[in-house]
There are 2 protein chains.
Amino acid sequence: MAKILIIEDDVDIAKLVAGFFHAANFSTHIVHSGGLAIQAVKEHQPDLIILDIMLPVKDGIACCTEIRAFSDVPIIMLTAKTAEQDRLAGLSIGVDDYVCKPFSAPELVMRAQNILKRASGKLSNDGWKVNADMQTVSLNNADISLTKYEFSLFNLLYQSPGRVYSREQLLEFAFADHRDTSDRAIDNHVKNIRKQLKNAGVSQVVVESVYGLGYRFKKD
Amino acid sequence: MAKILIIEDDVDIAKLVAGFFHAANFSTHIVHSGGLAIQAVKEHQPDLIILDIMLPVKDGIACCTEIRAFSDVPIIMLTAKTAEQDRLAGLSIGVDDYVCKPFSAPELVMRAQNILKRASGKLSNDGWKVNADMQTVSLNNADISLTKYEFSLFNLLYQSPGRVYSREQLLEFAFADHRDTSDRAIDNHVKNIRKQLKNAGVSQVVVESVYGLGYRFKKD
DNA sequence: TTAAAATTATAACAATTTTTTAAAAGCTAG
DNA sequence: CTAGCTTTTAAAAAATTGTTATAATTTTAA
């Protein structure tokens, strides 16, 4: 389920757009000003951004430039007038697409899907792909099949690269009802995950142990 | 640009649906009665049909059966009530998908896109062909006859390769009104499907079990 | 630097859960 | 009633998960 970040000051339009993306099975997050945009991008790591060009204080073009300084996340710009489209075309800031207001929501969703389809081939997130449907993880399109708990564990660590989880936390968050299970079970799952990854040709260790603390997913 | 034929007596709904498909870059043609449907299909040769199940004089199911007599064009049925869905599941007329009213237009468009993507591949999906009329499945033109529930099960899994369905979901989606049936029934159907496929000379296991989760159709 | 202590890695095995299978019982349509 | 399909049942097989013991590694402290 892809994450969409909507940067739009008009509350009604933001909700409308979010609603359509929900219907199309995306998860969304909304911020209402350009000032909050950068932080939101870093925090939520969206798969795609819908960005209004007309924002108070810091406008869409400024936002886009700032985002582009640290991320290649696809951006669809919402523009109001033809003049703005021309301006967009002129400036070659890194916008992936633009949609003119008043826009058709299905069209917006579809463009988002197209862009994501294209982007997914680009292996943006270091080549990692985590698919909860299949309970599989893939690196550079090589599927790695994990068991239920292996996946649960891997996924939790993967979602917050660099964050260290204690074995207690891992039991609590990834194993849910197995609170009375021994810590060593975690070690074994980690061992098995590493073996699976190695078999799939992943040479670097991505699930790191942190002595005395727990495990974490390697950052960068 | 794919052609959609919309068979729907309610003028407003027909226009609404047509509007959404236009926005998604399809061309559409509308007929408002079942009586005109057959001729329209022959004349316009649509790539996909949206068919309302509730039509005056000749209803959607009758239309579907008639269309299936001479064409394999994908059909999405619009149904109003759950009872109708059950009826659909029971009759296995050759409907490719159904959408329940009130439906989300983006969802309808998306399902259409998915079906068309699959249909355009013809034999691209490893030579598999699923014929809802005959309740047969064929691989490279070798027919495999399945019973009603075997087919229903196989077809559901086949439509979303790689997606894992839990036994609960399979009961809900493929068996419709048999919610109180035991999980083990699914296992037996799967066993029988696999036996049939094996008898037909399909060596690879295409209906995979995913330990702890359910079953899925093998992807690629 | 080295030894002791603590932590993590690994492998073999046991326990548990889930899947597979076959046979029998229950249904249903002809 | 019969034949074919579906469901239940129960036991065997397979896969996963958990435990234990031991080895390897890292940290700490002498």
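Note on naming: letters A, B, ... go to the chains in the order of the sequence lines (proteins, then strands), and numbering restarts at 1 for each one.
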Protein N or O to nucleotides 3-5 of chain D N or O, pairs below 3.5 Å:
none

Quiz item: Shortest non-hydrogen contact from B/Phe175 to B/Leu153?
Solution: CE1-CD1, 3.8 Å
Quiz item: Heavy-atom distance under 4.5 Å between the side chains of B/Tyr215 and B/Asp187, does that happen here?
Solution: yes
Quiz item: Any side-chain N or O of A/Arg184 less than 4.0 Å from the OP1 or OP2 oxygen of C/dT7?
Solution: no
Exercise. Would you mind classifying the nucleic acid contact of A/Leu213 as base, sugar-phosphate or nothing, using non-hydrogen atoms under 4.0 angstrom?
Key: sugar-phosphate
Quiz item: Does the pair B/Lys218/B/Glu208 count as a salt bridge with the N-to-O cut at 4.0 Å?
Solution: no
Self-check item: Separation of atom CZ in B/Arg194 from atom C1' in D/dA14, rounded to whole Å
Solution: 12 Å
Self-check item: Nearest-0.5 Å distance that lies between atom CD1 in B/Ile49 and atom CD1 in B/Ile6
Solution: 11.0 Å
Self-check item: Spacing of B/Lys198 atom NZ relative to C/dT20 atom P, expressed in whole Å
Solution: 13 Å
Practice problem: Provide, to the nearest angstrom, the distance between the CZ atom belonging to B/Arg216 and the P atom belonging to C/dT18. | Solution: 18 Å
Quiz item: In whole angstroms, how far is the P atom of D/dT6 from the NZ atom of B/Lys195?
Solution: 13 Å
Practice problem: Using a 4.5 Å cut-off on heavy atoms from C-beta on, say whether the side chain of B/Tyr158 contacts that of B/Val206. | Solution: no
Exercise. Grab the CD1-C1' distance between B/Ile186 and D/dT9 for me, whole Å please.
Key: 17 Å
Quiz item: Has the side chain of B/Asn188 got a donor or acceptor that lies under 3.5 Å from a partner of the other kind on the base of D/dT8?
Solution: yes
Quiz prompt | Proximal nucleotide (of C/dA9, D/dT6, C/dT19) relative to the A/Asp187 side chain | solution = C/dA9
Quiz item: Is there side-chain contact between A/Thr147 and B/Tyr211, with heavy atoms separated by less than 4.5 Å?
Solution: no
Quiz item: Just wondering, do B/Asp59 and B/Ile53 contact through their side chains at under 4.5 Å, heavy atoms?
Solution: no
Exercise. Write down the atom of B/Gly60, the atom of B/Leu51, and the distance for their closest heavy-atom approach.
Key: O-CD2, 3.3 Å
List every contact pair, protein side and nucleotides 24-28 of chain C side both N or O, where the distance is under 3.5 Å.
none

Practice problem: List the protein contact pattern of nucleotides 22-30 of chain D with one symbol per nucleotide (5' to 3'): B for base contact, S for sugar-phosphate-only contact, - for none; contact means a heavy-atom distance under 4.0 Å. | Solution: ----BS---
Quiz item: Quick one: bend of the helix from C/dT1-D/dA30 to C/dG30-D/dC1 from 5 pairs per end, to 10°?
Solution: 30°
Practice problem: Would you indicate, yes or no, if D/dT16 has its OP1 or OP2 atom less than 4.0 angstrom from a side-chain nitrogen or oxygen of A/His189? | Solution: no
Quiz item: Do you know which two heavy atoms are closest between B/Tyr165 and B/Ser160, and how far apart they sit?
Solution: OH-OG, 3.5 Å
Exercise. Spell out, as yes or no, whether a donor-acceptor pair under 3.5 Å connects the side chain of B/Asp52 to the backbone of B/Ile7.
Key: no
Practice problem: Could you tell me the separation between the CG atom of A/Leu170 and the C1' atom of D/dG18, rounded to a whole number of Å? | Solution: 16 Å
Quiz item: OP1 or OP2 of C/dT7 sitting under 4.0 Å from any side-chain N/O of A/Tyr215?
Solution: no
Throw together a table of side-chain donor-acceptor distances under 3.5 angstrom for residues 26-37 of chain A, partners on residues two or more places apart or in other chains.
{"residue": "A/Thr28", "atom": "OG1", "partner": "A/His22", "partner atom": "NE2", "Å": "2.9"}
{"residue": "A/His29", "atom": "NE2", "partner": "A/His44", "partner atom": "NE2", "Å": "3.4"}
{"residue": "A/His32", "atom": "ND1", "partner": "A/Glu8", "partner atom": "O", "Å": "2.9"}
{"residue": "A/Ser33", "atom": "OG", "partner": "A/Gly35", "partner atom": "N", "Å": "3.3"}
{"residue": "A/Ser33", "atom": "OG", "partner": "A/Leu36", "partner atom": "N", "Å": "3.4"}

Exercise. Using side chain to side chain donor-acceptor pair (under 3.5 Å) as the criterion, list what pairs up with A/Arg194, not counting sequence neighbours.
Key: none
Self-check item: Distance, rounded to the nearest Å, where B/Glu208 contributes CD and D/dA15 contributes P
Solution: 13 Å
Exercise. Any chance you could measure A/Leu197, atom CG, to A/Phe154, atom CZ, to the nearest 0.5 Å?
Key: 6.0 Å
Self-check item: Along DNA chain C (nearest heavy atom to each residue), the more 5'-positioned of B/Lys191 and B/Gly212
Solution: B/Gly212
Practice problem: Measure the distance from CG on A/Asp183 to C1' on C/dT7 and round it to the nearest whole Å. | Solution: 11 Å
Exercise. Please tell me which of the listed nucleotides, D/dG18, C/dA9, C/dT19, lies nearest to the side chain of B/Arg167?
Key: C/dT19
Practice problem: Could you tell me the separation between the CD atom of A/Gln169 and the CG atom of A/Leu157, rounded to the nearest 0.5 Å? | Solution: 10.5 Å
Quiz item: Closest to the A/Thr181 side chain: C/dT20, D/dG18, C/dT8?
Solution: D/dG18
Practice problem: Consider the side chain of A/Phe175, meaning its heavy atoms from C-beta on, and name the nucleotide among D/dG18, D/dT9, D/dT7 that approaches it most closely. | Solution: D/dG18
Self-check item: Straight-line distance of A/Thr181 OG1 to A/Leu171 CG, nearest 0.5 Å
Solution: 6.0 Å
Practice problem: Compare the minimum distances between each of D/dT7, D/dT9, C/dT8 and the side chain of A/Ser209, then state the nucleotide with the smallest one. | Solution: C/dT8
